[in-house]
Protein chains: 2
Amino acid sequence: MRIFPANPLFQGIDSGSLPALLDCLGARTERFERNSVVFAAGASAPELGLVLSGAVRVERPDFWGRRTILGRAEAGETFGESFSLGLSGGSGPAPVSAVAAQDSEILLLNYNKVMLSCTSACSFHTRLIRNVLALLARKNMGLLHQIDLLTRPGTREKVLAYLSDRAEQGGKTAPDGRGVVVEIPFNREELADFLVVDRSALSRELGKLRDEGLIRFERNRFELLRGAAEAL
Amino acid sequence: MRIFPANPLFQGIDSGSLPALLDCLGARTERFERNSVVFAAGASAPELGLVLSGAVRVERPDFWGRRTILGRAEAGETFGESFSLGLSGGSGPAPVSAVAAQDSEILLLNYNKVMLSCTSACSFHTRLIRNVLALLARKNMGLLHQIDLLTRPGTREKVLAYLSDRAEQGGKTAPDGRGVVVEIPFNREELADFLVVDRSALSRELGKLRDEGLIRFERNRFELLRGAAEAL
DNA sequence: TGCTGTTCGTTGCAAAAACAACGGCGCTCT
DNA sequence: AGAGCGCCGTTGTTTTTGCAACGAACAGCA
């Protein structure tokens, strides 16, 4: 639970007043086991979730079997902002689902209560709203980024762009100094769904990239070699 | 200028105190002629724009000639929220450009000033922030919606989904009652860029749809006939 | 050990999309 | 009137993608 004060959602809020604030927000924690849905697309407006442990996958099913993975929230991250707010009245159907990627513990906040002023007891409410605003803006950038990936003209470009991103954010230089190592939170099928390409096409392209000496990989561990970024 | 009080950005704010607020925000209006850039991708963090007259196209160029059109802000709408906020310090490079689609008049707000508390003179600042939050959430939903379009499996699906959307939002029943008429703000090339498909593929598909009796069209005026929605 | 389920690479084939080039139509400007 | 230009449809060709199916490697488990 030490995660709370550290979270951007509660930045600038005295940890002593957190319990009162959480109470005011109708916060509750729930456990979800792997592959269970936190909230489902089509259901009425969900809540704001903060992952305490585990991880959550945000995805959008379309009505013939496909799914698109929109993102992943690891422990300490939030998901589901922008709904109920973005939905006009506050209660339209959610366009996405959230699914526990592992057994998870999640703090759920009632979004309406987040937005509406509460009694003066919650002096930090205004600060909270700013924090949510910042979060939303960040999410927004994230979506823009995803659109950036999706609009790449081909599978190869998508993969390279994705790996480059990961490398910039969390890459470590390889032991032999020949490249950058990144680990991705997806398996092949999930990655394909995330990039919206066919799994086999993805495998094909990864193979080509390996043969051309641009990358090396094993499972979800990828190594970008010199030239991979330039090949974009 | 009557547009101000009506705008969601200023909802709940006494129109009498608007001038003071605007002054506090470093607001200024500027004119842009057709095809001139309001702010460019890569430049440092832009501002929040409110279209007073004309229209603005938000697009993202990638570094080999392609562009993706992310949206369009007509008179009365805002654009460029989420930057400078989403950008960590408040001054990273913007990932998108805004281009005047017509001769336009635009109110520009300094985003930092929007976020930072100002002197007590601006009692409406808090309300403004909430309004921005709502706007951002809405934009967020819009982006989600766009991802929804982009992830459709083919050109046909993209086109139909796009037209259906437009029809739901602003469609009028056709004079002969045989369908719904929508006018779109794009020409063919722009529409192709918006949906991220080839222009010729778009034309081909439109032709097929016409031949199959699902739609009729001329220029940027489309008519969705019965069955078009079901064909999705 | 043997069974089973999952993940991943591979490949042939069919469908779809991108590319490129051309022609028509309507507009504006001189 | 004629030239220039923007917008749109059309079509042939090449390239890419999606689909389906198979097999290998591996992990969990009785």
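Predicted, not measured: the structure shown is a model, and the values here were computed from it.
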* Structure fact -> Rounded to the nearest 0.5 angstrom, the CD-CD1 distance for A/Glu205 and A/Ile215 is 9.0 Å
* Rounded distance (Å) that lies between atom P of C/dA18 and atom CG of B/Leu202 -> 10 Å
* Structure fact -> To the nearest angstrom, the CD-C1' distance between B/Glu205 and C/dA18 comes to 14 Å
* To do: Figure out the CG/P separation between B/Leu195 and C/dA18, and round it to whole Å.
  => 11 Å
* **Value in whole Å for how far the C1' atom of C/dT11 lies from CG of A/Asp211** => 15 Å
* Over how many whole Å does the gap from A/Arg152 atom CZ to D/dT16 atom P extend? -> 17 Å
* Structure fact -> From the list A/Arg199, A/Arg188, A/Arg67, salt bridge (Lys or Arg N to Asp or Glu O under 4.0 Å) partner of A/Asp193 resolves to A/Arg67
* To do: Please work out if A/Ser200 contacts a base, only the sugar-phosphate, or nothing of the nucleic acid, heavy-atom cut-off 4.0 Å.
  => base
* **For B/Glu74 against B/Glu77, the heavy-atom pair lying closest together** => N-OE1, 2.7 Å
* Structure fact -> Separation between CE (A/Met141) and NE2 (A/His145), nearest 0.5 Å, reads 8.5 Å
* To do: Would you classify B/Phe217 as touching base, sugar-phosphate or nothing, given that sugar-phosphate means primed atoms plus P, OP1 and OP2, and contacts are heavy atoms under 4.0 Å?
  => sugar-phosphate
* Asked: Would you say a side-chain N or O of A/Arg219 is under 4.0 Å from OP1 or OP2 of C/dT7?
  -> no
* Asked: OP1 or OP2 of D/dC8 sitting under 4.0 Å from any side-chain N/O of B/Ser203?
  -> no
* Between the side-chain atoms of B/Arg210 and the base atoms of D/dG9, is any donor-acceptor pair under 3.5 Å? -> no
* **Atom pair distance, as rounded to whole Å: CD in B/Glu157 and C1' in C/dA16** => 11 Å
* Return the value, rounded to whole Å, for the distance between atom CD1 of B/Ile184 and atom P of D/dC8. => 9 Å
* Asked: How long is the line joining NZ of B/Lys158 and C1' of C/dA18, in whole Å?
  -> 12 Å
* Across the strands shown, which category fits B/Asn187 at heavy-atom distances under 4.0 angstrom: base, sugar-phosphate, nothing? -> sugar-phosphate
* Asked: Between A/Thr29, A/Val38, A/Leu50, A/Leu48, which is the residue that forms a side chain to side chain contact (heavy atoms under 4.5 Å, CB included) with A/Leu108?
  -> A/Val38
* **Any B/Arg204 side-chain nitrogen or oxygen under 4.0 Å from OP1 or OP2 of D/dG9** => no
* What's the closest nucleotide to the B/Arg199 side chain, out of C/dT10, D/dC8, C/dC19? -> D/dC8
